[in-house]
There are 2 protein chains.
Amino acid sequence: MSSSADFSLGTVNTALTPQERFAEFMQARGKRITRQRQAIVDHVTTRHEHFDAEQLLADLRASAAGEGASRPTVYRTLNEMVEAGLLKKMVLDGRAVYEHDYGYPQHDHLYCTSCQRLIEFSSEELIALRNAVAATHQFRPQGHRLIISGICVDCRSKRSTSRHQDRV
Amino acid sequence: MSSSADFSLGTVNTALTPQERFAEFMQARGKRITRQRQAIVDHVTTRHEHFDAEQLLADLRASAAGEGASRPTVYRTLNEMVEAGLLKKMVLDGRAVYEHDYGYPQHDHLYCTSCQRLIEFSSEELIALRNAVAATHQFRPQGHRLIISGICVDCRSKRSTSRHQDRV
DNA sequence: ATATATGCAAACCATTTGCAATCTA
DNA sequence: TAGATTGCAAATGGTTTGCATATAT
């Protein structure tokens with residue numbers, strides 16, 4: 001992980017590792033780095049795919065030794081990681097899905113309504129468009145979220161396999 | 001479905017009134033136009049702002065005579081209206097928000113995290129961008145949702161009034 | 001030591017559902 | 001009249017919270 005990324009768009013200055021950033025954030029507010037919080041942060045930073053709280057909970061319990069955490073603690077820590085800027089949260093079909101945010105370039109998603117897969121993409125034009133639109137409305141943009149839903153290549157081929165289109 | 005659409009950018013060919021379209025949709029699947037469904041559709045078509053289920057429920061009970069409906073019926077009918085293409089649903093801060101979709105041009109939103117107001121805007125560039133991105137990933141786009149969050153003009157002036165930034 | 005965290009069970013909240021009574025076509 | 005719909009109350013499902021106990025600093 002960490003890997004001083006250096007993308008062209010949205011590059012974030014990654015001076016600290018996610019762990020360090022988290023520690024800094026917690027210490028700054030008198031919060032403690034407990035065994036479970038550390039286990040969660042470590043686990044999350046090793047996998048870079050999108051995930052939800054339940055998946056994380058299961059993964060933690062399944063993986064290595066007794067390095068687990070209770071459901072409430074997983075949820076609590078996930079919120080802290082979002083506050084710390086390590087993760088970005090988005091709601092899809094009713095449940096929260098998380099992805100890395102610290103040290104990652106700004107991007108948006110293509111969401112396959114058939115297999116629920118999220119495909120990332122980034123577009124400079126979109127940023128420009130966003131700022132232009134905001135300016136027109138004297139609106140101060142703080143962020144945006146674009147999700148293009150449809151069917152991914154894989155599902156287009158193996159069409160009529162299992163499930164079909166759900167809601168956007 | 002059907003209706004040989006031929007819009008330039010989002011403008012929908014409105015041959016039927018929302019009520020007619022709803023009736024057609026329902027009849028086509030053996031569903032009945034009950035007093036409460038009619039009341040809901042009528043009420044919704046008279047107001048063009050964004051709203052959620054609870055607001056609608058309250059409005060229905062408050063407004064005119066005994067033209068109300070139970071909570072389950074309101075939720076059920078809202079789903080039918082979405083299926084019928086009359087309404088578009090989007091999830092904001094945990095609860096579903098609806099807006100008219102039938103006969104309305106495609107558009108996206110600016111979301112004020114301070115006053116929760118939704119400001120609409122439409123951009124042809126965005127559509128082009130969406131299609132270009134989708135094409136790059138051999139993805140078949142079916143729709144998209146762009147929400148630019150930030151602070152609206154009003155809140156920027158009366159700054160530090162009441163609530164402040166929530167999550168995106 | 002002592003304040004903060006954990007985990008359990010219970011609470012939340014928006015939304016959905018089972019089912020008997022009630023209507024629409 | 002028959003089959004669909006309503007409304008009530010209860011169930012859901014993801015997420016949060018109260019509180020006694022365990023733990024980090």
Side-chain angles (χ1 to χ4, degrees), chain A residues 19 22-43 50-61 65-84 87 89-98 116 166-168, chain B residues 19-20 22-43 50-61 65-84 87 89-98 116 166-167:
Chain A
Q19 273 82 345
F22 188 64
E24 177 186 72
F25 177 86
M26 297 301 265
Q27 282 165 34
R29 5 181 102 28
K31 295 191 158 199
R32 298 165 182 174
I33 300 297
T34 64
R35 195 211 86 232
Q36 17 297 70
R37 292 216 258 238
Q38 189 64 58
I40 293 174
V41 174
D42 288 346
H43 184 95
H50 299 84
F51 65 94
D52 64 29
E54 292 303 319
Q55 274 168 44
L56 173 57
L57 179 64
D59 287 0
L60 281 173
R61 295 183 166 168
E67 289 306 313
S70 68
R71 195 187 311 283
T73 295
V74 167
Y75 277 93
R76 283 189 280 238
T77 304
L78 243 17
N79 287 333
E80 294 163 341
M81 291 178 76
V82 169
E83 287 174 50
L87 296 177
K89 174 185 187 175
M90 78 187 98
V91 179
L92 245 36
D93 294 319
R95 99 273 193 215
V97 175
Y98 301 85
Q116 279 66 58
D166 299 46
R167 336 214 110 299
V168 181
Chain B
Q19 274 83 345
E20 297 175 325
F22 188 64
E24 177 186 73
F25 177 85
M26 296 301 263
Q27 282 164 33
R29 39 204 85 206
K31 294 192 160 198
R32 298 166 181 174
I33 301 295
T34 64
R35 196 209 85 232
Q36 10 309 62
R37 292 216 258 238
Q38 189 64 60
I40 294 174
V41 174
D42 288 347
H43 184 93
H50 299 85
F51 65 93
D52 65 28
E54 292 303 319
Q55 273 168 45
L56 173 57
L57 179 64
D59 287 0
L60 281 173
R61 295 185 166 166
E67 290 304 313
S70 68
R71 194 186 311 282
T73 294
V74 167
Y75 277 93
R76 282 189 282 238
T77 304
L78 241 18
N79 286 333
E80 294 163 341
M81 291 179 76
V82 169
E83 287 173 49
L87 295 177
K89 174 186 187 176
M90 79 186 95
V91 179
L92 244 38
D93 293 319
R95 99 270 191 218
V97 174
Y98 301 85
Q116 279 66 57
D166 300 47
R167 337 213 107 299

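Proteins come first, then strands; the chains are lettered A, B, ... in the order of their sequence lines, and each starts at number 1.
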Any donor-acceptor N/O pair under 3.5 Å between D:dA24 base and A:R35 side chain: no

Rounding to an integer number of Å, can you tell me how far [X] [atom1] sits from [N] [atom2]?
X     : N      : atom1 : atom2 : answer
B:D52 : C:dC13 : CG    : C1'   : 13 Å
B:E80 : D:dT6  : CD    : C1'   : 12 Å
B:F25 : D:dA4  : CZ    : P     : 16 Å
B:Q36 : C:dA21 : CD    : P     : 18 Å
A:I33 : D:dT23 : CD1   : P     : 17 Å
B:R71 : C:dG18 : CZ    : C1'   : 18 Å
B:Q38 : C:dC23 : CD    : P     : 17 Å
B:L60 : D:dT6  : CG    : C1'   : 15 Å

Within the 4.0 Å heavy-atom criterion, would you say A:R95 contacts the bases, only the backbone, or no part of the nucleic acid? sugar-phosphate

Under 4.0 Å, heavy atoms only, any strand: does A:R76 hit a base, just the sugar-phosphate, or nothing? base

Dump the intermediate steps for side-chain contact (heavy atoms from CB on, under 4.5 Å) on B:R76 and B:Q36, then the final yes or no. CA-CA 11 Å; B:R76 282 189 282 238; B:Q36 10 309 62; over 6 Å; no

Interatomic spacing from CD in B:E83 to CG in B:L78 - rounded to 0.5 Å: 11.0 Å

Walk me through it: do A:E80 and A:T77 pass the test side-chain contact (heavy atoms from CB on, under 4.5 Å)? CA-CA 5 Å; A:E80 294 163 341; A:T77 304; 3.9 Å; yes

So, the side chain of B:R32 versus the backbone of B:M26: is there a donor-acceptor pair under 3.5 Å, distance only? no

